[in-house]
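In what follows, a structure is listed as C-alpha cells, so that the remarks can point back to it.
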Amino acid sequence: MTGLAHVHPPKVEVFDVAGRTNTDPKGVVRPVDVYETTDWGLYMARPSDHPSFDYLESWIVPSLGIRASIFHYLPTHVRDQNHYVDIGEFVRDGDVWYSVDHYLDIVVRTGRDAELLDVDELLVAHSTGLLDARTTEAAIRRASDAVDGIAAANHDVDGWLAALGMTTHWADR
C-alpha cells in the first residue's frame, strides 16, 4: 500500500475553452490545439512537453465521472494501452471546466481487458481525510460502472460511450 506521507491531495485541473488553455495540477498552463464542447462532454487535444509522450487527447464526461485519454507516446516509451480513464468530479462553469481527480484510474487495452489502478491511493486518501465517505463511495461506483460498461463493449471505451449516445473521435496521429 502507498505510504501515508506519499498520498497527494486530489489533483485539480482547469480547461479554459475560450482561452484555449489547459492548466495542469501543478499550475502549468499549456496551449490547446482543439476544444470541442458537446451536450454531454468536452474534447481536448494538445501538445505535451512530457518526456514520455508528445500529444494528449481527452474526452471529459461529467455524467459518468470520467476522463478518457489517449497519450501519444514517443517510440521509446510506448505502453500497452489504448485508453487511460481517470475517475473524478468534472464541472463546467461557462467556458471553463474543472476536474478533481479521485485517484482511481483504468488502463484499457481495446478488445482485451481493463485494469483498475490506484485503489490503495483512494483508500489512503479517504483514511487520511483527503476524501470524505460520499466522494470515496462515488469514485468506487463510477469506476465500477466504467469497468462494467467498457467490458460489456468488448473492452472498447469508444464502443461503450457510443452505446450511451456519446460518439467520440480522436486525432489521426
Hey, are the side chains of [X] and [Y] touching, using non-hydrogen atoms and a 4.5 Å cut-off?
| X | Y | value |
| --- | --- | --- |
| Leu122 | Leu131 | yes |
| His169 | Tyr43 | yes |
| Asp93 | Tyr98 | yes |
| Ile106 | Leu117 | no |
| Val85 | Trp59 | no |

CA sep, side-chain torsions, deciding dist, call: Ile66, Asp86, side chain to side chain contact (heavy atoms under 4.5 Å, CB included): CA-CA 6 Å; Ile66 67 161; Asp86 293 286; over 6 Å; no
Under the side chain to side chain donor-acceptor pair (under 3.5 Å) test, which residues partner [X], sequence neighbours left out?
| X | result |
| --- | --- |
| Arg141 | none |
| Asp80 | Arg112 |
| Asp49 | Arg30 |
| Glu89 | Arg142 |

Spacing of CD1 belonging to Ile140 relative to NE2 belonging to His126, to within rounding of 0.5 Å: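 Nearest 0.5 Å value for the CD1-NE2 distance: 8.5 Å.
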Partners passing ring-ring contact (aromatic ring centres under 6.0 Å, His included) against His83 (at least two apart in sequence or in another chain):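 Partners of His83 under the ring-ring contact (aromatic ring centres under 6.0 Å, His included) test: Trp170.
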Contacts of Phe15 that satisfy ring-ring contact (aromatic ring centres under 6.0 Å, His included) - sequence neighbours left out: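 Checked Phe15 against ring-ring contact (aromatic ring centres under 6.0 Å, His included); zero matches.
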Output field: ring centroids His8/Tyr103 closer than 6.0 Å: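 Ring centres of Tyr103 and His8 closer than 6.0 Å.
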Sidechain N-carboxylate O distance under 4.0 Å for Arg67, Glu13: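 The answer is yes: the pair qualifies as a salt bridge.
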Parallel, tilted or perpendicular: ring planes of His50 versus Phe53, cut at 30 and 60 degrees: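 The rings of His50 and Phe53 lie parallel, inter-plane angle below 30°.
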